[in-house]
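Here the structure comes first, spelled out in structure tokens, and everything after it is commentary.
Per chain, numbering begins at 1; letters A, B, ... match sequence-line order. Any value given below was found using the heavy atoms of this structure, including those in side chains, with hydrogens, waters and symmetry copies removed.
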Protein chains: 2
Amino acid sequence: MPTLADVGRLAGVSRGTVSNVFNHPDLVRADVRQRVEAAARQLGYDGPDPRGRVLRDGKFNAIGFMPPGAYAIADVIRSPYMRELVLGVSIACDEAGATLGLINGTDETRTSAIREALVDGFILGHSADIDLITSAQRRRLPFVILESEAGPNVNSIRIDGRSGALAAVRHLAALGHRRFAILSIRRTSGPPIIHIPGRGKGAISAGFQLDHERLLGFAQGLAEVGLSINDVPIIETTPGEPSAGAVVLDRVPEATAILTMSDWQAITVLDEAIRRGINIPEQLSVVGFDGTAESARTTPPLTTVAQDIARKGRLAADMVFANAAPKQIIMPVELVVRGSTARPRR
Amino acid sequence: MPTLADVGRLAGVSRGTVSNVFNHPDLVRADVRQRVEAAARQLGYDGPDPRGRVLRDGKFNAIGFMPPGAYAIADVIRSPYMRELVLGVSIACDEAGATLGLINGTDETRTSAIREALVDGFILGHSADIDLITSAQRRRLPFVILESEAGPNVNSIRIDGRSGALAAVRHLAALGHRRFAILSIRRTSGPPIIHIPGRGKGAISAGFQLDHERLLGFAQGLAEVGLSINDVPIIETTPGEPSAGAVVLDRVPEATAILTMSDWQAITVLDEAIRRGINIPEQLSVVGFDGTAESARTTPPLTTVAQDIARKGRLAADMVFANAAPKQIIMPVELVVRGSTARPRR
DNA sequence: GAAAAAACTTGGAGCGCTCCAAAAAATTGT
DNA sequence: ACAATTTTTTGGAGCGCTCCAAGTTTTTTC
């Protein structure tokens with residue numbers, strides 16, 4: 001491949017002038033410019049190689065999105081939540097004229113993927129993994145962590161999960177519900193983990209990582225009507241687990257209301273209820289979490305704790321582009337009451 | 001920022017050895033390795049800077065997706081069709097461990113975006129733009145064009161649009177339809193263009209660019225029942241035009257069947273029909289194109305010419321990764337008959 | 001214990017570019 | 001016509017890395 005120098009040689013000018021022809025044409029006299037352009041054409045030179053520029057300038061004109069934990073980048077497109085998040089990021093990229101890189105990384109390669117990503121900054125999907133954060137900091141590029149606090153020196157954005165969870169419980173409690181089940185998120189891979197108080201499995205204690213906050217909200221709401229979260233069955237399922245609904249209906253048939261941590265989980269409950277002939281909301285109330293577009297289209301439409309997901313993505317990308325002093329943003333959530341919740345049957 | 005050389009100096013070894021410690025640790029004696037690692041830690045050196053590697057090796061470990069014409073990268077996430085396509089691409093990237101770059105480019109910056117994209121190859125969304133193709137060829141990287149032929153030296157993948165269109169017309173004709181309208185795609189921006197034979201607007205002639213093939217299929221099917229496409233009203237709307245349905249219902253109220261070039265267009269017809277109290281399929285049959293996931297979920301579910309969109313994306317990415325001799329692939333389509341078509345009312 | 005073999009380390013070359021201060025050329029003013 | 005000014009062009013420096021052939025050290029073999 002020809003280089004700047006080759007073109008310069010043919011046109012009888014220096015490398016610097018050829019560079020200017022492509023990057024600052026106004027600095028070059030018209031006749032010289034034309035000579036250089038002719039030489040470039042003759043050699044099939046199509047402009048400066050970006051690799052050289054990247055080394056010299058250190059800029060990639062790209063930001064990276066690294067999906068959370070066990071997500072492949074295909075899952076970013078598949079998951080309604082991730083997709084909406086990335087939509088927000090991509091809007092910011094469009095405005096900035098930057099490329100959006102979806103960074104690939106398995107559990108083992110994630111830290112090296114961060115070390116090597118060809119980006120000017122990045123967004124880490126929901127991830128409390130301290131190694132990743134350390135890696136990110138070492139890279140000395142602007143980055144933002146989503147749904148995970150990492151101290152005052154790290155950009156982070158998360159929703160006010162506690163308030164959202166509290167609002168969900170209050171809504172159900174006000175309707176008269178007293179028998180609950182909780183679908184929580186399992187952060188390691190594997191089958192659903194079942195915590196059923198007083199049935200040999202022992203009460204839950206802690207270790208719910210990221211989702212702790214939502215549990216706190218649930219606990220507070222339950223306490224307000226005299227219940228303890230320690231007496232509520234909790235089932236943890238991985239984010240994409242399709243059997244979540246079936247497991248909760250099997251294991252906690254007496255519940256009149258199911259609290260979840262994602263619309264996806266709630267939708268599995270809806271689907272399974274239809275399969276079993278359980279009417280929602282007459283026989284069972286279900287509350288989702290996130291307010292994805294999907295949640296409005298289910299039958300019945302889902303009552304859910306909505307957040308502005310796309311806006312979160314936008315804000316994250318804007319923080320990366322701004323590259324300013326670290327900020328921690330907590331975004332509000334809003335309980336959207338739709339058709340999946342009602343008074344419990346007498 | 002410290003470099004390989006700094007670490008080498010501190011550890012008392014050469015650059016090459018430090019590089020080996022990070023890239024080929026097995027080649028380095030254990031005690032030396034530890035000394036180097038200690039030095040790196042002390043200096044806060046976190047591994048070789050990818051910029052240097054990129055210049056040296058010329059590899060980015062990434063492929064780029066450049067959306068068609070007037071699409072911003074956010075539209076790639078928004079459009080069900082593009083999203084499914086990119087899903088296929090992302091699956092291939094996951095397997096290859098590569099980053100997927102969504103390349104940003106307005107009409108003016110698209111060629112330079114291609115020239116500068118930090119990727120090892122790319123996929124050009126539907127685009128017949130000759131300049132873009134020339135740009136892509138100059139880059140001398142593997143690339144694939146979607147839904148656009150560019151000769152035997154260029155990788156391309158497209159569906160057999162003509163057969164699909166033919167199948168759609170035959171289906172409707174077999175049901176007894178004889179009064180058609182066609183929703184075609186306008187490839188420039190602007191309001192719908194309306195071609196209504198014998199009403200002053202003149203019959204259509206040509207210039208339907210990319211969509212010509214589907215029109216050929218429609219024409220053939222119409223000819224089989226003694227009709228000429230020159231007598232069928234054709235309305236061209238831009239890909240995201242929300243009024244497509246309204247325009248066709250306004251301008252061709254006598255049609256009993258509407259042929260479209262995308263599920264999106266068909267869905268606008270469905271929506272507008274509901275608004276006007278027109279029953280589908282009893283009063284009006286509608287056929288979509290593409291078979292997006294959405295098309296199965298409308299009310300009624302859409303009869304559509306389905307293609308395997310995700311597979312197309314996968315194939316495209318695989319061709320880029322393979323970097324083999326240019327191929328032109330034509331993918332089959334399949335008419336999926338669902339609820340939006342029926343016999344016309346007597 | 002010396003020679004042969006194996007294991008490890010070195011440093012030069014080169015990847016292609018852009019910035020910048022200084023030099024050269026062209027233009028302006030008197 | 002020459003000095004002063006403005007416009008253009010130059011080429012050195014340096015970005016950080018990896019490969020590789022050659023050199024050095026260590027281990028093995030007899």
Check every strand shown and say whether A/V54 touches a base, only sugar-phosphate, or nothing at a heavy-atom separation below 4.0 Å.
nothing
Indicate the ring-plane relationship of B/F122 and B/F143, choosing parallel, tilted or perpendicular according to the 30° and 60° boundaries.
parallel
Check whether any side-chain N or O of A/R110 sits under 3.5 Å from a backbone N or O of A/L132 as a donor-acceptor pair, and report yes or no.
no
For DNA chain D, find the residues of residues 9-25 of chain B with a heavy-atom distance under 4.0 Å and give them by number; none if there aren't any.
B/R15, B/S19, B/N23, B/H24
Looking at the rings of B/F60 and A/F60, which for Trp means the six-membered one, are their centres under 6.0 Å apart?
no
Between which nucleotides of DNA chain D, read 5' to 3', does contact with chain A run, using atoms under 4.0 Å from its heavy atoms?
D/dT8 to D/dG16
Nearest-nucleotide 5' precedence on DNA chain C, B/G52 against B/R33:
B/R33
Using 4.0 Å as the upper bound for N to carboxylate O, is an ion pair formed by A/D57 and A/K59?
no
Describe the nucleic acid contact of A/V28 in one word from base, sugar-phosphate, nothing, applying a heavy-atom distance below 4.0 Å.
sugar-phosphate
The helix from C/dG1-D/dC30 to C/dT30-D/dA1: angle between end helix axes, five pairs per end, rounded to 10 degrees:
30°
Are any of the side-chain nitrogens in A/R53 or A/D49 under 4.0 Å away from the carboxylate oxygens of its partner?
no
When rounded to the nearest 0.5 angstrom, what distance separates CG in A/N20 from OG in A/S14?
8.0 Å
Exercise: do B/Q307 and B/D290 side chains pair donor with acceptor under 3.5 Å:
yes
Given the rule in the salt bridge (Lys or Arg N to Asp or Glu O under 4.0 Å) test, do B/K312 and B/D308 qualify, once you have shown the distances and angles that lead to the verdict?
CA-CA 6 Å; B/K312 183 155 77 179; B/D308 192 338; over 6 Å; no
Between A/E95 and A/R314, is there a salt bridge with N-O shorter than 4.0 Å?
yes
Looking at B/Y71 versus B/H126, is the centre-to-centre ring distance below 6.0 Å?
no
